[in-house]
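Encoded as structure tokens, the structure appears first; notes follow it.
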Amino acid sequence: MTATLGTTSTTKTPDLGPAVELVSKEEGHRQPLAPEFVSAEDFSPLEVAYDFGRVRREDIEAGPKNIWRYKKLLPVPSNVEEIPNTEPGATRLVRADRLAKALGVKKVWVKDDTGNPTHSFKDRVVAVALAAAREFGFDVLACPSTGNLANAVAAAAARAGWRSVVLIPKTLERAKILTTAVYDGDLIAVDGNYDDVNRLATQLAAEQESWAFVNVNVRPYYSEGSKTLAFEVAEQLGWRLPSQIVVPIASGSQLTKVDKGFREFGQLGLVDETPYKVFGAQATGCSPVSAAFRAGHDVVQPVKPDTIARSLAIGNPADGPYVLDVVKRTGGAIEDVTDEEVVEGIRLLARTEGIFTETAGGVTVATAKKLIETGKLDPDEEIVLLITGDGLKTLDAIEDRVGPKATVSASADAVREALGI
């Protein structure tokens with residue numbers, strides 16, 4: 001299946017920087033840059049191919065303090081930073097010594113992407129998608145979403161002066177609904193799960209020629225934004241690759257693009273091509289990739305999601321098979337954790353490092369703990385955890401688990417008694 005624009009929108013040659021063509025993941029069929037996401041030749045996903053030329057560390061370091069410092073490695077216009085956008089990226093990499101001690105390992109780093117404009121990594125991918133969509137002549141930014149993407153699309157469209165159309169499952173967390181609706185775009189709640197919403201979006205993308213569905217018809221460009229997580233981690237580590245990294249899995253695109261980012265940095269000589277292992281994290285209530293890995297399968301069997309980690313609740317992940325390829329090639333593993341473990345992961349990160357993550361981050365932390373306990377993560381090698389969203393988005397997950405230690409009268413004696421001092 002392909003989704004393309006009408007002829008009136010394709011007369012302009014797009015300025016997408018170093019991007020030169022699209023290539024199919026399965027058989028390597030090549031085709032011109034276009035708003036298409038599936039190869040007509042082998043029906044596999046398309047991804048962007050580049051001619052990078054020379055890219056130097058000093059050029060990157062001289063760039064802006066956001067993802068556009070890596071524009072020479074992304075499918076975006078050469079002047080992308082001059083056009084109104086949300087300027088995501090440059091989030092902190094925290095050395096998490098107290099978490100490391102709690103987990104019984106030598107060193108842990110937390111890539112804290114809660115500091116993005118709408119408090120999740122989705123601002124990265126949407127910024128790249130919007131830049132490409134503008135070049136292709138679209139004027140409406142749209143998406144199906146499990147929440148974080150809805151926030152990012154609505155905000156990016158508002159900043160750019162575009163209309164947004166966002167489709168969400170009606171059961172989405174209330175906080176994510178409100179933090180999308182506030183931007184006053186067209187927010188549509190659908191009676192169904194994310195896979196139902198995604199099918200609807202694919203149909204609309206083929207019908208509405210001026211709509212750029214960021215994770216459908218401009219998906220090859222959108223997904224490249226996740227590489228910036230890898231770029232930042234490597235740069236923040238002093239221009240080197242981590243030995244182990246744990247990535248949450250929804251569609252699977254983020255994990256595959258983190259791997260792609262590491263490989264591109266190595267191929268360009270920006271870092272030494274040292275070995276690294278990629279680990280995947282899922283919630284047990286939506287763990288088709290973990291199940292396939294455990295069974296030794298190369299295909300992923302779709303499931304019906306049932307988990308509090310709604311931002312990861314994609315029962316038929318588009319990039320699932322490619323996640324398996326990356327994890328196996330790098331010597332990593334994929335594991336899943338229960339909702340109870342997810343909540344404990346949220347609380348563990350909060351009490352040890354003062355970072356409040358949403359349920360997806362709870363999945364990452366809890367999965368790392370499980371991988372350490374089962375000997376799959378090496379406790380003597382450093383571990384990077386990707387924390388991709390803010391806990392304020394999923395307050396319902398912990399509202400019955402935390403609260404005041406006591407309620408007392410307004411007296412010092414009552415406080416002392418409650419504290420046992």
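We're numbering straight along the sequence, starting at 1.
By the 4.0 Å N-to-carboxylate-O rule, Asp97 lies close enough to Arg95 to be salt-bridged with it. For Arg159 and Asp123, the salt-bridge test fails: no basic side-chain N is under 4.0 Å from an acidic carboxylate O. Remark: Lys328 engages Asp298 in a salt bridge, criterion side-chain N to carboxylate O under 4.0 Å. Ion pair Arg69/Glu235 flagged as a salt bridge, since at least one NZ, NE, NH1 or NH2 atom sits closer than 4.0 Å to an Asp/Glu carboxylate oxygen. The residues Lys106 and Glu381 are annotated as not salt-bridged, no charged nitrogen and carboxylate oxygen being separated by less than 4.0 angstrom. A salt bridge links Arg263 to Asp259: one of the charged nitrogens lies within less than 4.0 Å of a carboxylate oxygen. Salt bridge present: Arg294 and Asp336 bring a charged side-chain N and a carboxylate O closer than 4.0 Å.
A side chain to side chain donor-acceptor pair (under 3.5 Å) with Thr91 is found for one member of Asp112, Asp113, Asn116 and no other, namely Asp113.
Side-chain atoms of His119 come within 3.5 Å of backbone N or O of Thr114 as a donor-acceptor pair. Of the possible donor and acceptor atoms, one in the side chain of Asp339 sits under 3.5 Å from a partner among the backbone N and O of Ile308.
Few gaps surround CD on Glu21; more than 12 heavy atoms of other groups in view lie less than 6.0 Å from it. At most 12 non-hydrogen atoms from other residues, nucleotides or ligands lie less than 6.0 angstrom from CZ of Arg174. Around the CG atom of Asn79, the shell of radius 6.0 Å holds more than 12 heavy atoms that belong to other residues, nucleotides or ligands. Within a 6.0 Å radius of NZ in Lys369, other residues, nucleotides and ligands contribute 12 heavy atoms or fewer.
Remark: Lys257 engages Glu47, Glu224 in a salt bridge (charged side-chain N to carboxylate O under 4.0 Å, His left out) (not counting sequence neighbours). Take Glu27 and apply the salt bridge (charged side-chain N to carboxylate O under 4.0 Å, His left out) test, not counting sequence neighbours, and it matches no residue. Checked against side-chain hydrogen bond (donor to acceptor under 3.5 Å, both in side chains), Glu81 has the following partners two or more places apart in sequence or in another chain: Lys71.
If you check the side chains of Thr274 and Asp272, you find no donor sitting under 3.5 Å from an acceptor. Checked by atom type, the side-chain pair Arg124/Thr228 shows a donor-acceptor distance below 3.5 Å. Under 3.5 Å, the side chains of Lys72 and Tyr50 contain no donor-acceptor pair of N or O atoms. Remark: the Thr388 side chain and the Gln254 side chain contain no N/O donor-acceptor pair separated by less than 3.5 Å.
Between atom CD1 of residue Ile372 and atom CD of residue Glu335 there is a gap of 12.5 Å, rounded to the nearest 0.5 Å.
Counting heavy atoms from C-beta on, the side chains of Thr118 and Tyr183 come closer than 4.5 Å. Side-chain contact between Lys111 and Arg92: absent, with no pair of heavy atoms (C-beta onward) separated by less than 4.5 Å.
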Next on the checklist: For Gln31 and Glu36: C-alpha separation, side-chain torsions, deciding distance, then whether side chain to side chain donor-acceptor pair (under 3.5 Å) applies.
Outcome noted: CA-CA 10 Å; Gln31 63 186 71; Glu36 300 182 2; 2.7 Å; yes
Checklist entry - side chain to side chain donor-acceptor pair (under 3.5 Å) between Lys393 and Asn148: does it pass, once the steps are laid out? => result CA-CA 8 Å; Lys393 294 169 175 276; Asn148 286 328; 3.1 Å; yes
Next on the checklist: If you apply the rule side chain to side chain donor-acceptor pair (under 3.5 Å), what do you find for Asp195 with Asn198, and how did you get there?
Outcome noted: CA-CA 5 Å; Asp195 295 296; Asn198 193 48; 5.7 Å; no
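Residue pairs meeting the ring-ring contact (aromatic ring centres under 6.0 Å, His included) criterion with at least one partner in residues 65-87, sequence neighbours excluded, are Tyr70-Phe231. Note on residues 314-359: no pairs pass ring-ring contact (aromatic ring centres under 6.0 Å, His included), not counting sequence neighbours.
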Donor-acceptor pairs are to be reported for all side-chain atoms of residues 408-416 against protein atoms at under 3.5 Å, with residues two or more places apart or in another chain.
{"residue": "Ser411", "atom": "OG", "partner": "Ala414", "partner atom": "N", "Å": "3.1"}
{"residue": "Asp413", "atom": "OD1", "partner": "Arg416", "partner atom": "NH2", "Å": "2.3"}

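Ring orientation note: the planes of Phe136 and Phe138 are nearly perpendicular, at an angle over 60° on the 30°/60° scale.
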